[in-house]
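Right, one structure below, let's go through it.
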Amino acid sequence: MRSAGAMTDINAYDTTPEAEFGDFVALLKPRVMSLVVFTAFVGLVVAPVDVHPFIAFCSVLFIALGGGASGALNMWYDRDIDAVMNRTQSRPIPSGRVEEGAALGLGLVLAVISVMMLGLVANWFAAGFLAFTIFFYAVVYTVWLKRWTPQNIVIGGAAGAFPPMIGWACATGGIGIESLLMFALIFFWTPPHFWALALFMKEDYHKAGVPMLTVTHGRQATRRHIFAYTLVLAPFALWLGLTSIGGPLYMAVAVVLNVAFIRGGWQILRRSEEAAIADGYAVEKRVFKLSLAYLFLHFLALMVQGWMGGW
Amino acid sequence: MALRTEHPIHGRRRSRNIGLGIVLVGFVALVFALTVVKVRQGGLMEGFDHQPRVSLTPAEPAAAPTRTPAEEVQQ
């Protein structure tokens with residue numbers, strides 16, 4: 001039992017760090033959310049149906065909120081491995097700032113709110129699509145695949161590739177070849193992007209029990225995979241330029257970026273691990289930065305092309 | 001003993017309370033604005049509730065003009 005003196009002293013109660021608002025924001029993975037916002041917005045504005053600007057704003061907002069919900073559910077489930085890896089030890093749950101139950105509750109509540117609101121704002125097809133995306137990321141990727149197969153990042157990448165399709169569905173109420181190709185662009189971009197990072201960010205996935213390609217199949221196999229995916233990616237990026245949302249500007253951007261990305265993949269393939277260590281993974285880091293610009297510029301070109309008019 | 005009114009725990013709680021307050025007020029404003037936009041866009045505001053109503057009855061196609069018996073005779 002606390003003494004009367006202790007009861008007047010707030011320090012006596014301050015045994016665990018309490019969360020501040022920013023910790024709950026961090027649970028939603030704001031950096032991932034920025035990719036979701038941008039690609040969903042482009043998917044919505046390039047669609048051949050005019051949407052009221054405020055409806056478009058709300059649609060993107062609730063798609064982003066759904067993405068944040070799946071991020072919170074991911075952090076809740078992965079709290080054990082987040083506590084092991086250096087990069088993730090300072091996240092809100094492993095650092096003790098947010099309780100597990102609070103993170104789970106936030107994820108579930110935001111998932112329901114985002115899906116219901118998107119249904120009311122846009123249409124129920126888009127809302128169902130968002131619900132499927134949250135399920136795919138939080139359950140299919142996080143629970144089933146991430147700790148089971150080194151192809152986790154490939155299949156899990158689908159969750160990050162759905163937002164432009166949801167944006168398109170908000171405007172059109174359905175799926176088109178254009179939205180499928182925007183999906184393919186992100187889907188096939190994710191593996192080379194992530195594996196280039198995995199080559200120079202030597203995280204302790206093994207200790208955390210996460211099967212990463214660099215660990216299970218070796219670094220040379222990872223280099224082959226990166227190059228192969230840059231080759232698979234290019235036709236989809238160019239095909240998108242031949243659809244109703246493509247045009248000369250997009251095509252020019254896609255040709256330049258895909259040649260550069262394939263060249264980067266080739267350079268990664270041709271390097272030995274010794275050469276990479278010698279120059280501090282300079283090529284891998286350059287290709288990783290290129291991959292970030294690759295996706296951003298493709299979607300930016302689609303948006304500008306939409307304003308300019310296509311073929 | 002001087003009472004310490006400001007402790008880090010107070011700051012964190014204030015941050016949560018203000019943040020949540022802004023989110024709730026923002027959500028209310030957003031739903032209100034959304035309602036205004038949806039209403040101005042028009043669309044069907046009434047749902048079918050198994051009671052026939054004029055406002056829900058589909059418009060009938062315009063009927064062909066009928067001829068009077070006199071017109072028939074003139075033909």
Side-chain angles (χ1 to χ4, degrees), chain A residues 3-28 30 49-62 64-65 68-69 92 95-99 102 105-106 109-110 112-114 116-123 170-171 173, chain B residues 1-68 71 75:
Chain A
S3 68
M7 289 181 77
T8 60
D9 184 1
I10 187 74
N11 291 305
Y13 297 89
D14 190 20
T15 53
T16 55
E18 272 199 25
E20 57 184 21
F21 188 70
D23 293 322
F24 289 103
V25 175
L27 276 178
L28 309 184
V49 178
D50 283 337
V51 180
H52 189 283
F54 191 71
I55 302 279
F57 166 78
C58 291
S59 299
V60 173
L61 178 73
F62 290 115
L65 202 63
S95 66
R97 297 195 306 278
V98 173
E99 290 177 15
L106 181 74
V109 167
L110 287 186
V112 172
I113 289 177
S114 60
M116 298 302 288
M117 286 304 294
L118 189 64
L120 294 170
V121 168
N123 57 70
C170 285
Chain B
M1 188 185 76
L3 182 65
R4 288 180 62 194
T5 54
E6 185 63 24
H7 186 274
I9 206 169
H10 292 137
R12 290 196 289 269
R13 282 180 185 167
R14 191 188 311 117
S15 152
R16 281 209 312 263
N17 294 338
I18 292 173
L20 186 60
I22 291 171
V23 167
L24 290 176
V25 170
F27 185 68
V28 170
L30 188 126
V31 171
F32 177 72
L34 197 59
T35 307
V36 172
V37 169
K38 287 272 184 185
V39 169
R40 284 191 176 176
Q41 277 190 332
L44 190 64
M45 304 296 289
E46 292 178 78
F48 179 64
D49 61 357
H50 306 280
Q51 289 292 325
R53 272 174 290 161
V54 175
S55 58
L56 289 177
T57 307
E60 290 179 12
T66 53
R67 291 173 178 167
T68 60
E71 287 171 336
Q75 290 285 319

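Order of the sequence lines sets the chain letters (A, B, ...), proteins ahead of strands, with each chain counted from 1.
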Whatever's closer than 4.5 Å to a heavy atom in chain B on A:Leu61 counts as side chain
What I'd like to find out is whether the side chain of B:Arg16 reaches to under 4.5 Å of the side chain of A:Asp23, using heavy atoms alone. no
Please report the closest heavy-atom contact between A:Phe21 and B:Val23, naming both atoms and the distance. CZ-CG2, 3.7 Å
Sort B:Ile18 into side chain, backbone, both or neither according to what part of it lies under 4.5 angstrom from a heavy atom of chain A. neither
Contact part of A:Val25 toward chain B, heavy-atom cut-off under 4.5 Å: side chain, backbone, both or neither? neither
Listed by number, the residues in residues 24-34 of chain B that come under 4.5 Å of chain A (heavy atom to heavy atom) are B:Phe27, B:Leu30, B:Val31, B:Ala33, B:Leu34
Nearest heavy-atom approach of B:Lys38 to A:Val121 is NZ-O, 2.7 Å
Note: vs chain B, highest number of non-hydrogen pairs under 4.5 angstrom among A:Phe24, A:Phe57, A:Phe54 is A:Phe54
